[in-house]
Amino acid sequence: MKSIEIRQQFLDFFQEKNHQIVPSAPMVVKDDPTLMFTNAGMNQFKDMFLGNKPIKFPRIADTQKCLRVSGKHNDLEEVGHDTYHHTMFEMLGNWSFGDYFKEEAIEWGWELLTKVFGVDKSRLYITIFGGDQADLMPADVEAEKLWQKWISPDRIIHGSKKDNFWEMGDVGPCGPCSEIHVDLRPDDQRKLVDGKALVNTDNPLVIEIWNLVFIQFNRKADGSLEALPNKHVDTGMGFERLAMVLQGKQSNYDTDVFQPLLQAIATLSAQPYGVDRQKDVAMRVIADHLRAVAFAIADGQMPSNNKAGYVIRRILRRAVRYGYTFLGFEKPFIHNLVPVLVNQMGDYFPELKRNQDLIVNVISEEENSFLRTLATGLTLLQKIIDDVKAGGYKTVKGSEAFELYDTYGFPLDLTELICRENGLIVSRREFDEEMAKQKERSRADANVETSDMIVVREDDREEFVGYDHLTTTVEITRYRIVKTKGKELVHLVLNITPFYAESGGQIGDRGILKSADGEVIKVLDAFIENNLIIHLCDKMPSNIHGKFKAIVDEKLRRLTANNHTATHLLHHALRKVLGSHVEQKGSLVTPEYLRFDFSHFKKMEAEELKAVALEVNRMIRENHQQELFKDIPIDEAKELGAMSLFGEKYGDLVRAVRFGNSIELCGGTHAQSTGQIGLFVIRHETSIAAGVRRIEAITADAAEAFFYEQHETLSELKTLLKNANDLPKAVQNLLDQNRDLQKDLDAAGQKIVNGLIDGLKAKAKNVDGIDVISQRLDLTSDNAKNLVFRLSRELNNTLIVVGLVQNNKPMLMVTLTEDLAKSGRLNAGAVVRELAKEINGGGGGQPHFATAGGSNAEGLDKALSRAECMI
RNA sequence: GGGGGAUUAGCUCAGUUGGCUAGAGCGUUUGACUGGCAGUCAAAAGGUCAUCGGUUCGAUUCCGAUAUUCUCCA
């Protein structure tokens, strides 16, 4: 059975059981600070389990794109070396939110696997939660009994809390889980060892394929468990593993999920897959990482140098490095594989197809830049190796390898490989020490101590009223203390709030909370965590139980609104001027300025930028009123023509904002009418990644200030240039004149020098067999330098000392002709230092030419007269 | 967010105890050879050594700040 059919049958099966089939949520997580990427199927439903969000469908099934590369689940370094770890994979899952429970979940799981997919029952084993003394939890006999309807009791295993009790975090919903394991070993091996003994022992052929989680408890802060009124089911089955089982393979990479990619890599590298172990690992790494990176880019996450973007960059670079080292790819190649992936998965994941060009471009650019990094690293490493060899040593210092890695991004294993080829070893111990120091520094800096959320009063809904009110009376529902870098701040949650929390690129509101007795708490920021609006405050209120007046800083809010609305107008104008391939890739809206990233393949021309700015300003002057569509279904919004962005979840009610022809889905705060923006000015247009441009712009007060600043600079220039009509031409003339004058000056100086040469030559005085010329000159130091260099070229066996005064400061110049300098009898540096004593100065230079400056011009003549004593 | 680098000609980069009249390769222009192109040879043009401040007799070089950028860690 083809993998595409497997996915479809899974979804069809649950659809028949009245499940709502929803699309995969984006792999990139935007509104949960504890998570960078979706790492399990349940992520997009977390808020429903927590009770922070209402349940829309009691039964849901989907396939979820997941990425496990950081945090608790970090498989990155394993990937490729074995047959079943992946960075990106699909998790098939079915959910019940307060609807069916263990009985149906178990029955359907069994039915799908054995009847629909036809998995051999004699190869299946079940684990159930075996109870835990410390938690006073009995075994999950309920599940065990239900399983016994389908499978013989001796194939059911009691598992530990570690394997069979699922918890989301330290507190919150949790419950026992039941796993289905399958034994894929050949029959002869199965006869030798019972598969039951190999369950949960990391055997690559006796593996878990489906985990059914029964959420029935709530873990409280004191560690105790209480039964939930609503019980949920959360299941997850690895799609790639399922394909392996159903296609009778022994490796995920042998299924049709990976084979097309692996074959394409084999063709590109002109080397077969399945022959050389090391090369196979490299090919698996590339195939896996390409999937992860392509999906991440499709979800709007570009490779970059921090946070989530950095994780993506690292994955891609790991693939490039394996290709470079083991398959001999020295030019970008991974981007060539994108069409294969799109062809294979683009039907079910249309975002891949839609962004294909972007993905190819971004990957290609990243490959190039990393290959450049490698090239610089290779030069540096060669230098290190040469030094080590020259010194007769055998070991490259760990600190040097670390510097290569840390500062220049050159991978350690490559350093080691090249060193080995040169008969050298790298001190791994020193490297690890340096790495530990680096980590310590970062940890010390990022050290944030967060206490538990303390609940002040129960209030499950925290409502945002800030669209209509900037001031409201509020009460504190929860708080916690946060310590970072010795500073103590407070997180407050309110029953209702006028503060807009950072979202959709718009940063959080600032303002104050004022208590009844006049105490003022500053609100420094507001952001969303697990669907709660957290207010970052500078201190704890003395009475947290009282009522407060929450006041949003109105001016900042207004400026932010201007910039947000201007962002929409900009988006609209860009599509009008450049074309509909322009899509938003990122956005930042602050009171000070706005930043808009969008897909476009080349630098914008000056005329295009102007056309965009003109269009935006035209829409501002047309003074379009804000039209708001609150809580409309997403399909309805699309019919209105709203541009949809990343991150909306299926079935959500959305908010759409319209100004004239610009309609966007947006939860942000906006100007009442576009006229309020006043003026829009683009400040910068730059590239941030291949195929992605960034525009930074300002509006209103800031734009006005910018305009006047420019105007004043221009006025000053005009005044300076005597009100020239054509300012640029006047400046050009000045520059031309300046250059001509400089040339004339040089020529004149040369003439003076020419005129002085013969006279100076005649002044030579022979002292102990050396000619000495000592003369005070009225020249600039440049001309004097010219002069003495000419003299030293034209003469032999001569010491030339020249003195001059420039800006009231005396200066000495000592030159030896080449033969005299080589003879070693004199050293210009030594001579100039001695003579400089007379002018209260010091100096130095090279053996044949040295200069000195000083503060006592009176002593210059004495210095010159002492020249012949230097012999 | 923290650490470490980088910024020198149009491009890629050299440039060590601070003083070598700032260099190389590629590219550009001109000339010569050639029937033309390609090519070879020769020559030339092209630099506020990122910006601002400090130390010094003297700063591309040392120190500090800013900007841009790379990279590692979180």
Side-chain angles (χ1 to χ4, degrees), chain A residues 33 36 70-71 74 303-311 313-314 317 366 368-370 372-377 379-380 383 399-412 431-432 434-448 484-485 487 684 686-688 694 696 735 738-739 742-743 746 749-750 753 780-793 803-816 818 821 827-829 832-833 835-857 859-860 863:
Chain A
M36 277 199 277
S70 57
N74 190 350
S304 73
N305 61 352
N306 55 35
K307 303 232 167 79
Y310 180 56
V311 174
R313 170 171 285 176
R314 244 172 41 198
R317 292 189 165 192
E366 275 293 311
N368 268 313
S369 89
F370 185 54
R372 269 200 300 276
T373 300
L374 284 183
T376 357
T379 329
L380 290 167
K383 221 175 262 177
S399 58
E400 288 184 343
F402 184 76
E403 194 193 351
L404 269 179
Y405 167 78
D406 179 63
T407 302
Y408 299 98
F410 197 75
L412 174 66
F431 182 93
D432 290 341
E434 292 291 329
M435 180 65 101
K437 273 189 233 163
Q438 155 92 308
K439 289 194 174 177
E440 187 44 49
R441 269 197 301 271
S442 288
R443 232 194 312 275
D445 174 71
N447 194 9
V448 179
T484 170
K485 287 186 203 170
K487 276 208 299 196
H684 301 109
T686 51
S687 159
I688 54 161
R694 166 173 293 173
E696 290 176 60
L735 287 173
N738 185 50
R739 211 179 62 184
Q742 189 59 51
K743 277 186 178 161
D746 288 348
Q750 200 58 45
V753 167
T780 64
S781 57
D782 276 350
N783 282 330
K785 213 175 190 179
N786 253 318
L787 176 68
V788 297
F789 270 86
R790 268 201 53 191
L791 278 174
S792 78
R793 265 199 303 271
L804 57 93
V805 178
Q806 213 174 4
N807 303 328
N808 292 324
K809 284 169 115 185
M811 185 177 175
L812 283 166
M813 220 172 257
V814 175
T815 313
L816 304 180
E818 202 186 332
N827 180 300
V832 87
R833 260 190 294 277
L835 295 180
K837 284 179 185 166
E838 303 297 340
I839 55 169
N840 287 343
Q846 307 110 76
H848 74 285
F849 175 79
T851 59
S855 52
N856 177 22
L860 195 58

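In what follows, every heavy atom counts, from backbone to side chain, and hydrogens, waters and symmetry copies are set aside.
Take the nearest nucleotide of RNA chain B for A:R790 and for A:G854: the residue whose nucleotide is more 5' is A:R790. The residue among A:Y310 and A:E403 whose nearest nucleotide of RNA chain B is located toward the 5' end is A:E403.
Listed by first residue number, the stems of RNA chain B with at least three Watson-Crick or G-U pairs below 3.5 Å are B:1-7 with B:67-73, B:10-13 with B:23-26, B:28-33 with B:39-44, B:50-54 with B:62-66.
Atoms CG (A:L380) and C1' (B:A6) sit 11 Å apart, rounded to a whole Å. Atom-to-atom, CZ of A:F402 to C1' of B:G5 comes out at 13 Å; the value is rounded to the nearest Å. Look at CG on A:L791: it is 15 Å from C1' on B:U21, rounded to the nearest Å. Protein atom CZ of A:F849 is 16 Å distant from nucleotide atom P of B:G58, rounded to whole Å. In this structure, A:F410 places its CZ atom 15 Å from P of B:C73, rounding to the nearest Å. Rounded to whole Å, the distance from CZ on A:F789 to C1' on B:A22 is 13 Å. Separating the CG atom of A:L835 from the P atom of B:G58 is a distance of 19 Å, rounded to the nearest angstrom. If you take CD of A:Q438 and P of B:C72, they are 10 Å apart, rounded to a whole angstrom.
The two residues A:R317 and A:S369 make their nearest non-hydrogen contact at NH2-OG, 3.6 Å. For the residue pair A:L860 and A:L812, the shortest heavy atom distance occurs at CD1-CD2, 3.9 Å. In plain terms, the two heavy atoms of A:A828 and A:H848 that are nearest each other are CB-C, 3.8 Å. Pairing each heavy atom of A:G853 with each of A:I839, the nearest pair is C-CD1, 4.0 Å.
Residue A:G853 is in base contact, counting any heavy-atom pair closer than 4.0 Å across all strands shown. When heavy atoms are screened at a 4.0 angstrom cut-off, A:N786 is found touching base atoms of the nucleic acid.
Residue A:R372 has no polar side-chain atom (N or O) positioned under 4.0 Å from OP1 or OP2 of B:U12. Checking the phosphate oxygens (OP1, OP2) of B:C72, no side-chain nitrogen or oxygen of A:R441 falls inside 4.0 Å. Of the side-chain N and O atoms in A:Y405, one or more sit less than 4.0 angstrom from OP1 or OP2 of B:C73. For B:C72, the OP1/OP2 oxygens have no side-chain nitrogen or oxygen of A:R314 closer than 4.0 Å. For A:Y408, no side-chain nitrogen or oxygen approaches OP1 or OP2 of B:C72 to under 4.0 Å.
One finds no salt bridge joining A:K437 and A:E440 here, because no Lys/Arg side-chain nitrogen approaches an Asp/Glu carboxylate oxygen to under 4.0 Å.
Ring-plane geometry between A:F849 and A:F789 is classed as tilted, the angle between the planes lying from 30 to 60 degrees on a 0 to 90 degree scale.
You'll find that the side chain of A:R313 is closest to B:U71, out of B:G5, B:C73, B:U71. In the set B:G5, B:U21, B:C73, B:U21 carries the atom at the smallest distance from any side-chain atom of A:K785. Closest to the side chain of A:R317, out of B:G5, B:U21, B:C72, is B:C72.
Within the 4.5 Å cutoff, no side-chain heavy atoms of A:R313 are placed close to those of A:F370.
Distance check on atom P: B:G27 versus B:U12 gives 15 Å, rounded to whole Å. Rounded to a whole angstrom, the distance from the C1' atom of B:G54 to that of B:G58 is 15 Å. The gap from the C1' atom of B:G46 to that of B:U29 amounts to 10 Å, rounded to the nearest Å. Of the P atoms belonging to B:U16 and B:U7, the separation is 12 Å, rounded to the nearest Å. Nucleotides B:A32 and B:G15 are separated by 34 Å at their C1' atoms, to the nearest Å. Annotation: B:U51 and B:U68 have their P atoms spaced 16 Å apart (nearest Å). If you take atom P in B:A14 and the same atom in B:C57, they sit 33 Å apart, rounded to whole Å. The separation of B:U8 from B:A22, taken at their C1' atoms, amounts to 8 Å, rounded to a whole angstrom.
Contact of A:D406 with B:G3 (side chain to base): a donor-acceptor pair of N or O atoms is detected under 3.5 Å.
Donor-acceptor pairing under 3.5 Å is lacking for the side chains of A:E838 and A:N856.
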| query | What's the verdict on ring pair (Phe, Tyr, Trp, His ring centres under 6.0 Å) for A:Y405 and A:F410, showing C-alpha distance, side-chain angles and the deciding distance? | reply | CA-CA 4 Å; A:Y405 167 78; A:F410 197 75; 9.9 Å; no

